[in-house]
Amino acid sequence: MRWPRRGILIRLVIYVPIITVLAWRARGGCNTEATMEPEGDLEQKVAPHRRVITFPDGTQQSIVEVTPEQAEAIIGHPISSLDEAKGAKAEPAAAADRTAPDAAGRSKEAEQTKTGPAQARD
């Protein structure tokens, strides 16, 4: 018996696993609903912390006020702090501020490199 051409075999090796994974996912494989907590249970946990605020234009918005510790207890896993997120965003802004030119066309980074070695010699 003769084997099919190499091109057909290569296509089979590539496409059969892809189609298999897609079919498995379409049938419900890797079902995230089974591992997630039901929404009704979360709503019951959040209900005591819910508050309605009224904006100056008369519209109302429902908000949830909790501390980070309460949020971790409700969700069930640690959350990242806002200070860490702000720190990560502030670093690129600080770097951009050092390299941005001022009114005279010089960057702060260039100024620091000019004065840096002179200070080191003193």
Side-chain angles (χ1 to χ4, degrees):
M1 181 176 149
R2 188 175 160 202
W3 283 88
R5 292 187 176 199
R6 186 183 303 166
I8 293 173
L9 293 176
I10 290 172
R11 286 183 181 94
L12 286 174
V13 168
I14 292 172
Y15 291 116
V16 168
I18 292 173
I19 292 170
T20 304
V21 168
L22 292 176
W24 173 69
R25 293 287 306 265
R27 295 182 118 198
C30 193
N31 192 358
T32 58
E33 292 176 11
T35 60
M36 289 181 56
E37 194 172 300
E39 286 293 321
D41 189 31
L42 181 63
E43 289 296 324
Q44 290 174 353
K45 290 180 181 179
V46 172
H49 306 287
R50 193 169 296 276
R51 186 171 76 117
V52 176
I53 60 171
T54 305
F55 293 109
D57 63 351
T59 60
Q60 294 184 340
Q61 176 70 40
S62 176
I63 62 168
V64 177
E65 291 181 319
V66 294
T67 63
E69 293 80 21
Q70 290 172 332
E72 288 176 2
I74 290 171
I75 294 172
H77 59 81
I79 56 173
S80 63
S81 90
L82 296 176
D83 295 333
E84 293 173 6
K86 287 180 184 175
K89 290 181 182 176
E91 290 174 9
D97 185 42
R98 284 194 311 260
T99 58
D102 60 358
R106 297 174 301 221
S107 68
K108 293 178 185 176
E109 193 172 67
E111 294 278 331
Q112 290 173 355
T113 56
K114 286 181 185 176
T115 58
Q119 290 175 352
R121 283 187 242 140
D122 292 336

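Small disclaimer: the values here were computed from a predicted structure and weren't measured.
- Under the rule for a side chain to side chain contact (heavy atoms under 4.5 Å, CB included), the partners of Thr54 that lie at least two apart in sequence or sit in another chain are Gln60.
- In the hydrophobic clustering of this structure, Val66 groups with Leu42; members are Ile, Leu, Val, Met, Phe, Trp, Tyr whose side-chain heavy atoms approach within less than 4.5 Å, directly or through other members.
- Atom-to-atom distance recorded for Glu69:CD and Ile79:CD1 is 8.5 Å, nearest 0.5 angstrom.
- Under the side chain to side chain contact (heavy atoms under 4.5 Å, CB included) rule, Val16 has a single partner from Ile14, Ile19, Thr20, Ile18, which is Thr20.
- The heavy-atom pair separating Glu65 from Gln70 by the smallest distance is O-OE1, 4.4 Å.
- Arg50 CZ: more than 12 foreign heavy atoms inside a 6.0 Å radius.
- By the 4.5 Å heavy-atom criterion applied to side chains, Gln44 and Asp41 are counted as neighbours.
- By the 4.5 Å side-chain criterion applied to Ile, Leu, Val, Met, Phe, Trp and Tyr, Ile63 is assigned to a cluster that also includes Ile53, Phe55.
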